[in-house]
Structure formats: C-alpha cells, structure tokens
Amino acid sequence: MEMKNYIELGEKKAGSQIKLAEYLGQYDSGLRAVKAGKKGLPDAVCIKLADYIGVDRLEVIAASNLVTEKDEERRKIFESCFTRAASIAAAALIFAGSSMTSSPAHASQLASELPCNLYYVK
C-alpha cells in the first residue's frame, strides 16, 4: 500500500487532515507532501500512524521509505516488508481457524493427533 492510502485512513479516523497532523505532531502541509508522494515521514511518526489506524508498523515504515528511496536493492528490501506482513497475517488467520474446536470431544481428538497440548476452557 502507498503512503497516500495510510494517510487517507488516518484522515478518515481523525476527521480531517489537520486533525491527523496535530495527532502526529506534524504540519498539515507536510502530510500533503507525503500524500502527494513527495516525501516520507520519520519512522517514529510512521509507527504512531500505524498504531492509530491499526495496521502493521513495518508496512507503514516501508511505504514511507519507498517514497524517496532510489537504490534498487534497498527498494526490494522495503517491498519485501509487504509480502512478509501479509504472509504473517495469513498464517495467523489459518492457525486461528484451524485451532478452534467445536466441542471438548473434538479438542481431545485433535490433541491426540497433534504433537502439542490443547485445552478446552469453559
């Protein structure tokens, strides 16, 4: 995702670009430049924005660095952050879905099939 999208998510949550800029401790003119793809944000501000809009911190930092990074090797490193974050999210969803049980009997059946302990908690 591009920085423009992250800024827009923040603006939507804050109610305006000015309010988002205040929250992030930035000038709204600076956010306009980021949104236009002319500059990035400091990493600490990227983290604050990511936490505010509920997305992966590394993705926002990578998107911000991609705005200005010219070195192709470094760009590939930042681009890999999107793939890694998506892979982790997908794995978490798959694990969460596969580890849920519908009953204590099902949990005990899974426990006998897996090399780990599963517990049913009421």
Side-chain angles (χ1 to χ4, degrees):
M1 191 180 314
E2 294 182 9
M3 278 306 293
K4 176 183 177 180
N5 301 105
Y6 294 119
I7 296 294
E8 288 174 351
L9 287 171
E11 290 170 348
K12 185 176 180 181
K13 183 171 181 179
S16 72
Q17 189 175 78
I18 292 171
K19 288 181 183 176
L20 177 63
E22 288 172 0
Y23 174 78
L24 296 174
Q26 301 291 302
Y27 293 109
D28 61 311
S29 60
L31 286 187
R32 279 195 300 277
V34 172
K35 197 172 172 180
K38 295 180 180 178
K39 71 176 216 167
L41 290 171
D43 290 348
V45 177
C46 290
I47 291 169
K48 192 170 184 178
L49 174 61
D51 290 348
Y52 184 66
I53 60 176
V55 299
D56 187 89
R57 292 172 164 186
L58 187 57
E59 284 188 27
V60 179
I61 291 170
S64 181
N65 279 280
L66 281 169
V67 171
T68 56
E69 186 58 62
K70 303 295 183 215
D71 183 78
E72 196 57 39
E73 185 176 337
R74 289 182 180 184
R75 289 187 66 79
K76 287 179 183 177
I77 292 169
F78 289 125
E79 288 167 352
S80 75
C81 295
F82 300 107
T83 306
R84 182 177 305 140
S87 298
I88 291 169
L93 287 173
I94 291 168
F95 177 75
S98 67
S99 63
M100 297 175 82
T101 62
S102 57
S103 69
H106 185 227
S108 100
Q109 176 188 357
L110 285 175
S112 66
E113 296 171 5
L114 297 173
C116 64
N117 295 323
L118 294 175
Y119 299 95
Y120 175 76
V121 179
K122 279 189 171 181

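All values reported here derive from a predicted model rather than from experimental measurement.
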Using a strict threshold of under 4.0 Å (side-chain N to carboxylate O), is an ion pair present between Arg32 and Asp28? yes
Is the backbone N or O of Ile77 less than 3.5 Å from a side-chain atom of Ser80, with the two atoms forming a donor-acceptor pair by type? yes
Are any side-chain N or O atoms of Thr68 and backbone N or O atoms of Lys39, one a donor and one an acceptor, separated by less than 3.5 Å? no
Hydrophobic clustering (ILVMFWY, side-chain heavy atoms < 4.5 Å, transitive) - are Met1 and Leu31 grouped together? yes
Would you say OH of Tyr27 has more than 12 non-hydrogen atoms from neighbouring residues, nucleotides or ligands within 6.0 angstrom? no
So that I can tick it off, tell me whether Lys19 and Glu11 are bridged by a salt bridge, with the cut-off set at under 4.0 angstrom between side-chain N and carboxylate O. no
Determine whether a donor-acceptor pair (N or O, by modelled atom type, separation under 3.5 Å) exists between the side chain of Arg74 and the backbone of Glu69. no
Check whether Arg75 reaches the backbone of Leu66 with its side chain - one donor and one acceptor, N or O, closer than 3.5 Å. yes
Same apolar cluster (I L V M F W Y, side chains within < 4.5 Å links), Val34/Ile53: yes
What's the shortest heavy-atom distance between Leu41 and Ser64, and which atoms? N-OG, 2.6 Å
Whether the side chain of Glu2 engages the backbone of Lys4 through a donor-acceptor N/O pair (distance < 3.5 Å, no angle test) should be reported. no
Test of understanding: clusters of I, L, V, M, F, W, Y form through side-chain heavy atoms closer than 4.5 Å, transitively. Do Ile61 and Leu49 belong to the same one? no
For residues Phe78 and Val67: do they belong to one hydrophobic cluster (side chain heavy atoms under 4.5 Å, members Ile, Leu, Val, Met, Phe, Trp, Tyr)? yes
